[in-house]
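All values reported here derive from a predicted model rather than from experimental measurement. Just so it is clear: chains get the letters A, B, ... in the order the sequence lines come, proteins before strands, and each one is counted from 1.
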Amino acid sequence: MTPALEVRDLHKVFGGLTVTNGVSLSVAAGERRLLIGPNGAGKTTLFNLITGDLRPTGGRILLFGTDITALAGRRRAHLGLARTYQIITLFPNETLRHNVMLALLGILPRRWNPLRRFDRDPALLAAAETVLDQVGLAHLALRQVRETAYGEQRRVEIALALAQRPRVLLLDEPFAGLSAQERRDVAALIGAIPPAMTVVMIEHDMDAALDLADRITLLDFGLVVVEGTRAEVVADARTRAVYLGG
Amino acid sequence: MNLWLILAVNSIALGGLLFLLASGFSLIFGLMRIPNLMHGSFFMLGAYLGVSFLRLGAGFWPAAILAGLALAGTGAVIERLLLRRLTGKPQAQVLLTLGMALIVADLCLMLWGGDPIEVQTPAGLTGVVPVFSVVFPTYRLVVVVIAVAIAVALWLMLERTRLGAMIRAGVDDPQMARVIGIRVSRLFSIVFSLGAGLAGLGGFIGGPILSVYPGLDQDMLPLALIIVILGGTGSLAGALVGSFVIGFLYNFGQALFPDLAYVILFVPLLAVLVIRPQGLLGKLAP
Amino acid sequence: MKPLAIAAGLAALAALPLWMPGGSYDVNIASQVMIWAVFALGLNVLVGYAGLVSLGQAGLFGFACYVAAWLVAAGTAQWIAAIAAIGFTLVLSAVFAVLALRGTGISFLMITLTLGEIVWGIAQRWVSLTGGDNGISVSTRPAPFGISLDTATPFFYATFAMFVVMLGLVWRFVHSPLGVALRGTRDQPRRMGALGYNVWLIRFLGFLVSGFAAAVAGLFFFYYNEFASPYVLSLTTSAEVVLMVIAGGAATLLGPIVGAALVLGMQDVVSSYVAHWNLMLGAIFVAIILFMPEGLVPGLARLARRPGAAPAAPRPGAFGRTPS
């Protein structure tokens, strides 16, 4: 079967610094993949290359068998790729509802309409309600993002990505900075993502993330060091070498 | 002497004046990351103040130095009292310099009137000197010599002194400069003041060539903009080359296509914007 | 804004020629305020909603003015001149946009400034085409449906009709999906791309909307003065309209209208005492930027909500944030 997401021998060089040094990955449809690795291993750079925020120096990226390496980021979104950001990247002066509506509209032709009322679109309002409900924030729909708590903003991050109805979802440290309770809530939220959606997640918090993952990829110095099931990766000597510096 | 040689001589002299204007503009732009829209005002204000010093009985060169110093002081005050309050808001800073430019223009009109003021060429420099086979008006030659001397002095300051090293570090990467302990805010004051002083000096010694009139500021500012965009922000060599290129384009354009001289100046600029948007402006784009 | 309040405001404005004490003088000022308000409303689409400060907007405004003046002076029918002025200005806006949108923030500001200066330079120096400093003078206003606009009150109502239509259009635009997306590109251009939006094209369309308003305003400015001069293209004019936007309050609909009324009102008052309007303009500019960057409308709204309250979280004013 065609993998949902495939990365072949991807390279990225900034100036003289090689950040991604020949990464190859293949994520099956419906899989939950966890990307781990120390700081500076090139995890977020890999996401930026996959979404088109950065252009690779070499290598190819395929989404369901389609080569997207040369496509603009926005076109990748239309092909079913969505992501969240490690640093909150929301529309701070808009309400939660408007944030989600913007995400919903991004792949709809009527985003170009210059005269229709944005907030008088029943179908869009209902869809936004559903997504906010999905992340447990429906009660804050009319609150501006900048007036919500950090933990809530993390969930809005996920809500925006879910609103895009992606086939492949990239989550960049969805647990970053959350309390234990909030982590459980977000874990439940990620656990409830429909199985058909493929999820690739960067996360440092193993406790929260390991249970969600089918397979794990360990990156270091821009290279895939180990890849396998949870048990395989944990048991691998190279994993310990990377994390313990041994 | 034929027309072309006269034009060439005038172009070189204008280039020297433009360098005095553009070098400070370029350093300010490179370091503070904002185009100082009152740079033309500094040039004009320097010229008017120099005229007043002359009328008070100062000699030509003392008046020039006083005008430069007065503008350096003005620049320091504006940076300290106004621009600094808007740190981190570059667009607000630019608009502030624009507001100040309007104020200066009107103040000059109030204080010195609307008629152009001719500045007499200093005695002893009214003649001509032969340079190779060209007869060069002495005063214009002196202007070029001053510009080149200042270019060399600025270059030495930037390359050989601690202050210059700090300015270069700030132009390259202000964040990094801060990290390694350079007090960038003090550099801003120094460079803004220096730029204002050079522009003020240029305005006055340009007086015998350009005369002084309301609107001089608006004539000079776009030239500074063009030179710096062409030559690269924060680049002294770029400002020097750009000044002479624009000096030639301006004078020859005026002679050959009087209706379009001003537009011809903008052709190289548009070319840069279209062909190399990232090259020179890219560094500025946040 | 509540529809009722808008209707009441427009009704009061429509009745203005009936109660203005100063007669046709005041009515003319009201017409000018509406013309500038449309210009400012358009610029606000860029400054407030897209977060892009244009300092070349007078180039578009004045260009429409010149095209109409030149054509009418050459004997073209008024309606053709009007369509041509708006059409050509839209084309020029597209050119401006393509060049200026190679950058954001300061680069955008500089490129628009340069473009505005080019248009000004052409108007001032290409004397054979534009009349140079003398400009182009025409002594006829159009007479739509046979109604002469030569006196203050009919002209006021023609301007009022234009103002209402333009206000409605800008209002629809900023509340439309495209308008909200434009705001999105101001705050999070990167995320907008990831959500599937074409950030460049959205900004380009925002620029065209802004240019359209400048064109319509420029056309009416020409009708009002029956004259086009390089001053309408100058950097001072660009500065004036930016001031209207930020003084009233960027990213609000009422702000630019209040700003236009404020600046023109002050100009009217000041000019009758001293000749130095630019000095005042500059001083107000500097004061607003330093002390009330959010503008009058948001500032007063905040005071009305909670008297004495300090500014809460920073709002995205004209230059609260630079798009990255």
Side-chain angles (χ1 to χ4, degrees), chain A residues 47-48 50-54 72-85 87-95 97-121 124 144-147 156-157 160-161 163-166 170 172, chain C residues 3 42 45 48-51 165-166 168-210 212-213 250-252 294 298 311-317 320-321 323-324:
Chain A
F47 269 22
N48 287 338
I50 295 171
T51 58
D53 281 335
L54 292 176
R74 61 172 194 281
R75 298 208 182 279
R76 304 183 196 197
H78 289 271
L79 291 177
L81 184 67
R83 72 171 295 179
T84 67
Y85 294 84
I87 297 160
I88 302 283
T89 307
L90 299 169
F91 306 97
N93 306 298
E94 307 285 342
T95 59
R97 174 191 279 169
H98 277 187
N99 267 267
V100 173
M101 283 164 76
L102 265 174
L104 288 162
L105 265 178
I107 49 172
L108 301 176
R110 63 177 181 274
R111 70 185 179 282
W112 292 115
N113 192 315
L115 294 173
R116 175 185 191 133
R117 284 288 297 274
F118 173 74
D119 51 6
R120 296 266 172 86
D121 186 332
L124 203 60
Q144 283 182 319
V145 165
R146 64 194 168 96
E147 288 168 354
V156 181
E157 272 286 332
L160 293 204
Q164 296 178 260
R165 309 213 176 290
L170 310 179
D172 196 346
Chain C
V45 169
Y49 292 89
V165 169
M166 292 304 293
L169 281 178
V170 173
W171 184 82
R172 284 312 285 233
F173 175 76
V174 300
H175 288 94
S176 75
L178 189 56
V180 177
L182 186 66
R183 246 161 41 200
T185 64
R186 173 193 70 197
D187 290 338
Q188 293 293 4
R190 189 168 165 216
R191 178 124 217 174
M192 289 300 281
L195 291 177
Y197 292 90
N198 185 335
V199 172
W200 186 90
L201 193 53
I202 291 170
R203 286 176 173 154
F204 178 80
L205 294 173
F207 203 117
L208 286 191
V209 170
S210 174
F212 177 67
T252 65
E294 60 185 331
R315 274 192 55 86
R321 60 181 302 126
S324 50

Between [X] and chain C, with a heavy-atom cut-off of 4.5 Å, which part of the residue counts as in contact: side chain, backbone, both or neither?
| X | answer |
| --- | --- |
| A/A82 | neither |
| A/L108 | neither |
| A/R117 | both |
| A/T51 | neither |

At their closest point, which heavy atom of [X] faces which heavy atom of [Y], and how far apart are they?
| X | Y | value |
| --- | --- | --- |
| C/A194 | A/Q164 | O-NE2, 3.0 Å |
| A/N113 | C/P177 | O-CD, 3.3 Å |
| A/L102 | C/M192 | CD2-CE, 4.2 Å |
| C/Q188 | A/I88 | NE2-O, 4.5 Å |

Test side chain to side chain contact (heavy atoms under 4.5 Å, CB included) on A/F118 and C/L178; report intermediate values, then the result. CA-CA 8 Å; A/F118 173 74; C/L178 189 56; over 6 Å; no

Just wondering, more than 12 heavy atoms not from C/R172 lying within 6.0 Å of its CZ?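 Yes - once you tally the heavy atoms of other residues, nucleotides and ligands closer than 6.0 Å, there are more than 12.
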
Using a cut-off of under 4.5 Å on heavy-atom pairs, state which of C/V199, C/L182, C/L201 scores highest against chain A.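 Going by pairs under 4.5 Å, I would pick C/L201.
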
C/Y197 side chain to A/R111 backbone, donor-acceptor under 3.5 Å: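 Flag not set: sc C/Y197 to bb A/R111 has no pair under 3.5 Å.
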
Is it the case that the side chain of A/H78 and the backbone of C/G196 share a donor-acceptor pair, with hydrogens and angles ignored and the cut-off at 3.5 Å?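 Checking the backbone N and O of C/G196 against the side chain of A/H78, a donor-acceptor pair under 3.5 Å is found.
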
If we define contacts as heavy-atom pairs under 4.5 Å, which of [options] has the most with chain C?
| options | answer |
| --- | --- |
| A/R76, A/E94, A/R75 | A/E94 |
| A/L160, A/D119, A/L124, A/L104 | A/L160 |
| A/A103, A/A77, A/G73, A/G106 | A/G106 |

Donor-acceptor side-chain pairing of A/N99 and C/R191 below 3.5 angstrom: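 Not at all, the side chains of A/N99 and C/R191 share no donor-acceptor pair under 3.5 Å.
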
